[in-house]
Amino acid sequence: MAESISRALRDGASEGEHAPALTIKDSIASPFGFHVFTHLLTQLSSNVLAGKSQSRGLVLVAFSRSPSFYLDLLKKRGIDVTSSQKWIGILDCYTDPLGWKDLLVESGNNGNLSNEASAVANLCRNVKDMDMLFSSIIELGKGIVGQGKVRFCVAIDSVNEILRHASISSVAGLLSNLRSNDQVSSIFWLSHSDLHEDRVTAILEYMSSMVASIEPLNQSANGQRCNWESLPLLERSYWKGKFHVRFKRRNGRVRVMSEEFHVEQSAINFKTVSSEDEIVNRSLLPKVQFNLQLSEKEQIDRAKVVLPFEHQGNGKPIQIYDGRRSLMDSKNEAEPLSTGILQTNENSSKGEITYFRDSDDERPDSDEDPDDDLDI
C-alpha cells in the first residue's frame, strides 16, 4: 500500500486534472507520521533522479527540520545529493519563519547552514503570508525545472506549523492553489491530528485524493490503547502499527487498504496483513446480540414451517381458510361456499371468484354509498 502511494505520487497528474494530494496523519498514540513522510520523500527522490517520475524536480517546504537535516537524511539513504541543485530545492521555513533573525544575518550569522544546504535552500522570513509562501514555492520549482510543461512535486513536512500562523481557510487556499497549478505534479503533507480540531482534519482530508492514517497496533486487554510512556525503552525503539490508506477515485468511489508497519530506529518497513492476522482481527470485533446468517439446522427448521394460506402441493384440493372456522370444520359442511373448496370446471373458459365474508354481521355488497349518512 505504501508502494501504491509512491506510484500515485510518481505518476503525477493527468491532463486537465488537479495534482494528486496525500495527507499523512498520526497522533500521540502512534507518532510515526514523520517516518512515513521521510520514507515517501526518499522513494520520490529516487524516482526523480532515475527519471521514472512525471516530475523532474522536488520542492521541500521545511517547517519542522532544517535543510541540513534533510540533505543528511537523503545521503544516508543512498540518494545522490552532490547534484542536488539540479533536482531539489528546499524552502527553509525552519530557520527564521517570522524574520526575527535578520539582525543576526546582518551581523554575519547565516543561520549555521552547511554549504550544501545553502546552495539548495531559500530562506522564508514570513510564513504568515500565504500568497508570498505560494509564490516562493512556485518560483523555487520553476528555478529547478524551468518554464513550460515540465512539472515538479511539493512536500510539506508539517501543516501544523503553518496553522500556528494562519487560519485553516488560508492554508486550504494555499494547498488548493498548489494542486491546481499546471507545473505541480503531486503534493503531500504531514499533519498531527491531535494538535487541532477535528474539523481541520476533515478539511485537509477533503482536499486530498489520498489519506494515510497511522494507528497503534497493540491494545490492552480492556480494549484501551497501550500507554506509550509505560513501555520499556527497547520496546519503544521497535514498535508496530497499522497503516490505513483511503484512495478517492475520479468516479467518486473510495478504496480502503490496510497493512502493518514496524519501526527500527529511524527506518520504517511495511508488510501486508496475512490471512491469519485478518482472522485474529475479525475475532477481536465486539460481539453483537443478533446474527444475520442462519445455521444449517435453522434453515431446515424454517423450511418445515407451514405459513398461513400456503398450498403445499400434496395433490389434494386447494383448501382456503375463511378466517372464521377451522379447516377441518369446513370439510364437514355440505355447501361448497362454506367448505372453502374451489369448484373449477376444466372445460369452462370462464373464471370464477369466490368471496368469504369475515363475519355474519357484514352487510352484502351494494351500490349504496357507505358514507351517505355523513354530513359532508
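These numbers come from a predicted model, not from an experiment.
- Ring planes of F34 and F69: tilted class, angle from 30 to 60°.
- In summary, K76 and D72 do not engage in a salt bridge, as defined by a charged side-chain N under 4.0 Å from a carboxylate O.
- Looking at E259 and K242, no side-chain N of the basic residue comes within less than 4.0 Å of a carboxylate O on the acidic one, giving no salt bridge.
- Between the side chain of N47 and the main chain of R10, no donor-acceptor pair closer than 3.5 Å is present.
- Between H39 and F270, a ring centre-to-centre spacing shorter than 6.0 Å is recorded.
- Rounding to the nearest 0.5 Å gives a distance of 6.0 Å between CG of D96 and CZ of R125.
- Not one N or O on the side chain of S46 forms a donor-acceptor pair closer than 3.5 Å with the backbone of Q43.
- Side chain of R246 to main chain of V211: no donor-acceptor pair is present (N/O by atom type, distance under 3.5 Å, no hydrogens or angles).
- Between atom CD1 of residue I88 and atom SG of residue C153 there is a gap of 9.0 Å, rounded to the nearest 0.5 Å.
- Distance alone, capped at 3.5 Å, places no donor-acceptor pair between the N181 side chain and the I138 backbone.
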Under 3.5 Å, sequence neighbours excluded: what are the donor-acceptor pairs made by side chains of residues 162-170?
from : atom 1 : to   : atom 2 : distance (Å)
R164 : NH1    : E161 : OE1    : 3.0
S167 : OG     : S169 : OG     : 3.1
S167 : OG     : S170 : N      : 3.4
S167 : OG     : S170 : OG     : 3.1

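- Under the 6.0 Å cut-off for aromatic ring centres, F37 and F188 qualify, their centroids lying closer than that.
- Although no hydrogens or angles enter the test, the distance criterion places a donor-acceptor pair under 3.5 Å between the side chain of R151 and the main chain of D182.
- Remark: the backbone N or O of A2 is paired with a side-chain donor or acceptor of S6 at under 3.5 angstrom.
- Between the side chain of R77 and the backbone N or O of T38 there is at least one donor-acceptor pair closer than 3.5 Å.
- Residues passing the salt bridge (charged side-chain N to carboxylate O under 4.0 Å, His left out) test with R249: none are found, sequence neighbours excluded.
- Counting only distance, with no hydrogens or angles, the side chain of D157 and the backbone of F63 share a donor-acceptor pair below 3.5 Å.
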